[in-house]
Amino acid sequence: MGNPKGEVQRRVLLLCGDYMEDYEAMVPFQALQAFGVSVDAVSPVKKAGDICATAITIQVESTDQANKESRGHNFTLNATFDDIEFDKYDGLVIPGGRSPEHLAMKASVVELARKFSDSRKPIAAICHGLLVLAPAGAVKGRKCTAVSTMKPGLVAAGAHWVEPDTLSVCVADDNLTTGVTYYGNPEFIGLFLKALGGNICASERRVLIIIGNYAEDYEVTVPYQTLKVLGCHVDVVCPKKKAGDTCPTAIRDLEGGQTYSEIRGHNFVLTADFESIDASSYDALVLPGGKAPEFLALKEDVIVLVKQFMEARKPVASICHGLEILVAAGVLQGKKCTGYPGIKARVVSSGGTFVEADPIDRCVTDGNLVTAAAWHGQPELISQLMTLLDIQVSF
């Protein structure tokens, strides 16, 4: 996607398991695809199309409690573990969460990790993901970091432990990239991308993301952290809230019915004050979906901001229900777009052309406007946004 034509595409393996950490799986999965890397997500005893349940793990600093955990999204695997051909892959990513302690007991998984380590192919492991590397001998003599409770086991396995002073610390040692938690995803993914031979061209763009309470979890965090990998300055704001305030997010999954399920997600920490935002200081705008857009569409100050971006023909990216804000702003006249199917009538009545959300990962670009049907289409949406911002990832 973000890989210029004519170059050899990198191919990466994402090692999954039930109750792996939600962000530590999906953000690398979608970010790397946006950059033009092919990612196969696999799990032992499962096949392509099967689901791994994920967990939301919230680390609690300065207490004796290691973390709080709740149910996350359903993660759909796109490849079959038993079909893996090691020679076809350029790198390995291992998310954290609870799954690594079970994966580490499987001889086939440990042998796979050993092959990547012995061949010195890039490996990225975050949080508890290093549990898979220790029995494979992949941390012996290597500098690495993780959550603090991992220290005794990694030191016993011969690692040179790097004590983290924050939850976002990452360490690179030759082909091995390690991180503490998903808070460090931007640096973690960036270091792994560099190990794969990736180079980011023309970054330092400024991007604004407008959210509200119960914006869709992935549709906020995946664009936010992926754009930061690219070196962009990204501000996330909410009306009547300031930097440091939080917005609760919502986890929405398609469960096979005519609509979706919804449960509580993370508390997203805002990065800037809404009242101080000046549209002229940003290069692009992102409007996530979820429940928030129907309320944001009622706020005149939000509508004014959106109109300023559209009138200046700056890139605007809308995901799923984000179209509700664009409908309210009256900026879809003559535009082709896609989004959640239930918004079609409103798009058409406002003069836009609705492109059916089939498949669900569909993404449409019309001039400066990039739209995705749902979070499933974020790799393509981010890739097309990168094109509009003249950002490239080359290998």
Side-chain angles (χ1 to χ4, degrees), residues 8-17 20-21 23-33 35-46 48 52 54 75 77-97 99-146 150 154 157 159 170-180 182 184-185 187-198 229 395:
V8 177
Q9 186 178 45
R10 298 296 192 271
R11 191 174 183 185
V12 166
L13 197 64
L14 181 71
L15 187 58
C16 303
M20 59 188 176
E21 209 294 321
Y23 284 167
E24 292 170 9
M26 184 56 78
V27 179
F29 181 67
Q30 292 200 321
L32 290 169
Q33 289 182 79
F35 304 153
V37 178
S38 175
V39 186
D40 285 346
V42 298
S43 182
V45 196
K46 295 194 179 190
C52 281
T54 69
F75 187 103
L77 304 171
N78 64 349
T80 301
F81 184 87
D82 290 341
D83 294 341
I84 292 172
E85 295 181 39
F86 168 76
D87 292 339
K88 292 185 177 180
Y89 293 95
D90 302 294
L92 173 67
V93 179
I94 309 175
S99 62
E101 62 186 352
H102 300 283
L103 294 173
M105 294 190 293
K106 296 185 179 296
S108 58
V109 171
V110 174
E111 179 58 27
L112 180 68
R114 182 177 289 113
K115 285 182 178 180
F116 275 95
S117 180
D118 290 348
S119 67
R120 306 303 261 192
K121 290 183 177 181
I123 299 173
I126 194 165
C127 198
H128 287 77
L130 281 81
L131 286 171
V132 175
L133 299 182
V139 298
K140 187 175 183 179
R142 312 298 296 278
K143 290 188 295 183
C144 61
T145 194
M150 293 285 293
L154 292 173
C170 298
V171 173
D173 185 345
D174 192 27
N175 66 312
L176 179 62
T177 300
T178 56
V180 182
Y182 58 80
N185 266 343
E187 183 180 5
F188 177 73
I189 297 168
L191 289 171
F192 181 63
L193 186 66
K194 183 178 180 181
L196 288 171
V229 174
F395 292 93

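- Annotation for Pro100 and Pro95: closest pair CG-O, 3.4 Å, computed over non-hydrogen atoms.
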Cut-off 3.5 Å, no hydrogens considered: what does the side-chain donor-acceptor table look like for residues 132-143, sequence neighbours left out?
residue	atom	partner	partner atom	Å
Arg142	NH1	Asn175	OD1	3.4
Arg142	NH2	Asp173	O	2.5
Arg142	NH2	Asn175	OD1	2.8

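- The salt bridge (charged side-chain N to carboxylate O under 4.0 Å, His left out) contacts involving residues 99-114 comprise Glu111-Arg114, where partners must be two or more places apart or lie in separate chains.
- Between Tyr89 and Ile84 there is a side-chain heavy-atom pair separated by less than 4.5 Å.
- Partners of Phe81 under the ring-ring contact (aromatic ring centres under 6.0 Å, His included) rule, at least two apart in sequence or in another chain, do not exist in this structure.
- Closest non-hydrogen pair, Ala79 versus Val42, comes out as CB-CG1, 3.6 Å.
- With sequence neighbours left out, Ala146 forms a side-chain contact (heavy atoms from CB on, under 4.5 Å) with Leu130, Met150, Leu154, Trp161.
- Inter-residue side-chain proximity for Leu15 and Val109 is flagged as met; some heavy-atom pair is nearer than 4.5 Å.
- When the salt bridge (Lys or Arg N to Asp or Glu O under 4.0 Å) test is applied to Lys121, no partner is found at least two apart in sequence or on another chain.
- Legend: residues meeting salt bridge (Lys or Arg N to Asp or Glu O under 4.0 Å) with Asp90, ordered by chain and number and at least two apart, are absent.
- Put simply, CD on Glu24 and CG on Leu14 are 11.0 Å apart, with the number rounded to the nearest 0.5 Å.
- Checked against Phe29 for a ring-ring contact (aromatic ring centres under 6.0 Å, His included), the options Tyr23, Phe35, Phe75 give a single hit: Phe75.
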Pair Phe188-Tyr182, ring-ring contact (aromatic ring centres under 6.0 Å, His included): steps then yes or no: CA-CA 8 Å; Phe188 177 73; Tyr182 58 80; over 10 Å; no
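- Contacts of Ser99 classified as side chain to side chain donor-acceptor pair (under 3.5 Å), with partners at least two apart in sequence or in another chain: none.
- Listed by chain and number, the residues in a salt bridge (Lys or Arg N to Asp or Glu O under 4.0 Å) with Asp174 are Arg120 (sequence neighbours excluded).
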